[in-house]
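What follows is a set of notes on a single structure, which appears directly below.
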Amino acid sequence: MNNNKKFGFTTTILHSDRQKPIEHGSLHKPIHTAVAYGYRDARELAEVFQGKKPGYRYGRQGNPTVSALEEKITRMEDGLATLCFSTGMAAIGAVVQALLRAGDHVVSSSFLFGNTNSLWQTVNLQGMPVSFVDATDVANVEKVITPATRMVFVETIANPRTQIADLARIGELCRERGILYVVDNTMTSPYLFRPKHVGASLVLNALTKSIGGHGNALGGSLTDTGLFDWARYPNVAESYKRFAPVQWGMAQLRAKALRDFGGALGPEAAHHLAVGSETMALRIERESSSALALAKMLDADERVAAVYYPGLPLHPQHSLATELFRAYGGLFSFELKAGTDCFDYLNRLQLAIPASNLGDTRTLVIPVAHTIYHEMGPERRASMGIAESLIRVSVGIEDTDDLLNDFRQALDQ
Ligand SMILES: *Cc1c(COP(=O)(O)O)cnc(C)c1O
């Protein structure tokens with residue numbers, strides 16, 4: 001495959017391993033389980049440790065199978081470089097551990113994955129105040145920025161209510177102010193959207209979800225888009241400044257987060273995620289078209305009180321989603337009218353499985369307030385627009401008619 005030629009999304013993923021020689025001509029990057037690596041002699045070992053020669057040192061800081069996956073993700077995101085972590089949360093934690101110092105201020109969207117919301121509470125207690133804002137309007141972000149603001153964190157489509165951040169205008173604001181712009185791309189995935197196009201500095205993906213796609217491996221990644229000027233960032237340690245400034249962020253993340261906190265991705269998981277990613281575009285096309293059909297059907301049903309899906313014309317950010325995303329994705333949520341118990345409804349579904357993952361090949365449903373958002377309590381839930389009866393649906397790749405029939409028969413019963 002010609003390295004310089006531009007291929008389509010799936011072709012690029014399928015053939016990325018072969019950009020470098022693979023052992024025995026294997027068509028997949030093999031699973032390398034070794035934790036340590038031998039060298040020609042002790043001097044070469046020292047040179048690898050000092051970064052004077054390329055090579056692997058120890059499994060916590062890098063692994064050939066994981067590197068092959070990192071290379072794939074870099075291509076998906078059209079980025080500069082990627083680091084993988086054991087989970088999506090470990091990747092978010094890495095940003096905090098490697099790039100923030102006591103007294104730094106963080107601005108975060110208040111429409112967030114529940115565990116990220118919980119992480120920000122901890123970060124706040126550790127001396128880095130976090131301001132939560134309605135990030136669907138850049139004005140709310142701008143209002144809370146102070147000279148200590150180091151980072152703005154948003155999700156593309158927020159789970160479960162599907163609010164879409166004012167992605168491009170926040171990117172513009174961050175660029176002007178020299179603030180790190182971290183975008184969690186999990187809900188869109190690089191197939192539907194590349195945050196680099198709106199000026200993201202770092203792109204986060206929970207590989208567990210759409211990229212791996214089969215609910216059989218955990219993983220997370222951070223991609224440096226190459227857009228952020230690390231020379232403007234005050235928290236880079238002198239020891240990482242021997243590289244060109246574009247590399248400072250990844251160098252510090254690899255050492256201060258991956259090496260020192262140790263949330264490394266295992267090679268077996270990396271293999272599952274890499275193989276899963278080959279069919280990502282096919283899966284997401286099917287999931288998106290089924291989600292649109294389901295959302296429309298439920299929206300038209302008088303027994304349903306509300307449906308939240310960016311593909312519906314009345315969604316507040318419908319036109320933004322149409323402009324930015326290739327499709328509207330496989331996740332939506334809805335509320336039943338008073339009188340129908342959400343547990344009864346869920347128990348009548350025959351195909352959709354009550355479970356907390358998303359981006360799986362199987363359709364998964366969950367009563368949000370009673371499970372993933374239970375810990376945060378009713379007040380914070382209300383501030384995030386989460387009704388007690390809200391049901392989140394992560395649409396899988398089942399045949400669309402089967403899904404429509406399942407959700408309809410559960411209403412009819
Ligand atoms: C699942 C998820 C995460 C965390 O990923 P894990 O691999 O489960 O740790 C982060 N952000 C979003 C938007 C998610 O959906």
Side-chain angles (χ1 to χ4, degrees), residues 66 69 73 77 82-97 106 108-123 132 135 151 153-165 167 182-193 195 200 202-223 257-258 261-266 268-270 272-274 276-277 280 284 287 291 308 310 325 329-333 355-360 364-366 368 371-373 375-376 384 386 392-396:
V66 175
L69 175 63
I73 298 163
E77 290 289 3
T82 298
L83 270 181
C84 282
F85 297 87
S86 54
T87 63
M89 288 316 299
I92 303 178
V95 173
V96 175
Q97 289 147 359
V106 175
S108 170
S109 167
S110 53
F111 310 125
L112 279 178
F113 179 63
N115 299 156
T116 309
N117 177 70
S118 168
L119 171 68
W120 289 139
Q121 315 291 337
T122 308
V123 168
F132 291 101
M151 184 185 299
F153 184 97
V154 301
E155 296 179 4
T156 50
I157 302 178
N159 151 25
R161 274 285 313 273
T162 75
Q163 300 95 335
I164 297 169
L167 291 160
V182 183
V183 178
D184 183 337
N185 197 28
T186 303
M187 294 309 307
T188 26
S189 90
Y191 176 64
L192 296 182
F193 177 61
L202 292 174
V203 180
L204 185 132
N205 280 290
L207 307 174
T208 316
K209 312 292 173 55
S210 299
I211 292 183
H214 295 73
N216 60 353
L218 293 158
S221 68
L222 288 174
T223 301
L258 194 58
F261 282 86
L265 180 66
E268 292 87 353
H272 280 306
L273 297 166
S277 76
M280 183 164 88
I284 293 177
E287 289 162 7
Y308 306 101
F325 309 149
L331 187 125
F332 71 91
S333 56
S356 79
N357 191 21
L358 52 90
D360 197 318
L364 307 177
V365 287
I366 192 160
V368 176
T371 55
I372 46 178
Y373 283 68
E375 185 183 301
M376 65 179 60
M384 294 170 89
I386 297 179
R392 184 185 78 187
V393 184
S394 170
V395 179

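Remember, it's a predicted structure, so these values are computed and weren't measured experimentally. As the structure lists them, so they are numbered: ligands from 1, and atoms in each ligand from 1.
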Original post:
Can A90 be said to touch ligand 1, with heavy atoms closer than 4.0 Å?
Top reply: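 So A90 does not count as touching ligand 1.
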**OP:** Going by heavy-atom distance to atom 1 (C) of ligand 1, choose the closest among M89, E155, M187, K209.
**Re:** K209
Subject >> Closest candidate by heavy atom, reference atom 11 (N) of ligand 1, pool L331, I92, L358, D184 >> reply: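 Among L331, I92, L358, D184, the closest heavy atom to atom 11 (N) of ligand 1 belongs to D184.
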Original post:
At what distance, to the nearest 0.5 angstrom, does OH of Y191 lie from CG of N185?
Top reply: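 These two atoms lie 14.0 Å from each other.
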Original post:
Could you state the interatomic distance from CG (L83) to CG (L222), rounded to the nearest 0.5 Å?
Top reply: 7.0 Å
Original post:
Can any side-chain N or O of S394 pair as donor or acceptor with the backbone N or O of G359 at less than 3.5 Å?
Top reply: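 Yes, because the side chain of S394 sits within donor-acceptor range (under 3.5 Å) of the backbone of G359.
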Subject >> Side chain T208, main chain G219, donor-acceptor under 3.5 Å >> reply: yes
Subject >> Heavy atom of the protein closest to atom 7 (O) of ligand 1 (residue, atom name, distance) >> reply: T208 OG1, 2.6 Å
Original post:
When you measure from atom 4 (C) of ligand 1 to every protein heavy atom, which one gives the shortest distance, and what is it?
Top reply: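 Minimum-distance protein heavy atom for atom 4 (C) of ligand 1 reads F113 CE2, 3.5 Å.
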Original post:
What atoms in ligand 1 come closer than 4.0 Å to a heavy atom of G219?
Top reply: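 So the atoms of ligand 1 that pass are 7 (O).
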**OP:** Ignoring angles and geometry beyond distance, decide whether G88 reaches within less than 3.5 Å of ligand 1 through its nitrogen or oxygen atoms.
**Re:** yes
Original post:
Is T116 close to ligand 1, meaning an N/O of one under 3.5 Å from an N/O of the other?
Top reply: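 Checking ligand 1 against T116, no N or O pair falls under 3.5 Å apart.
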Original post:
Between S210 and S189, does any side-chain donor sit less than 3.5 Å from a side-chain acceptor?
Top reply: no
Original post:
Between L358 and N159, does a side-chain contact (heavy atoms from CB on, under 4.5 Å) hold up when you go through it step by step?
Top reply: CA-CA 10 Å; L358 52 90; N159 151 25; 3.6 Å; yes
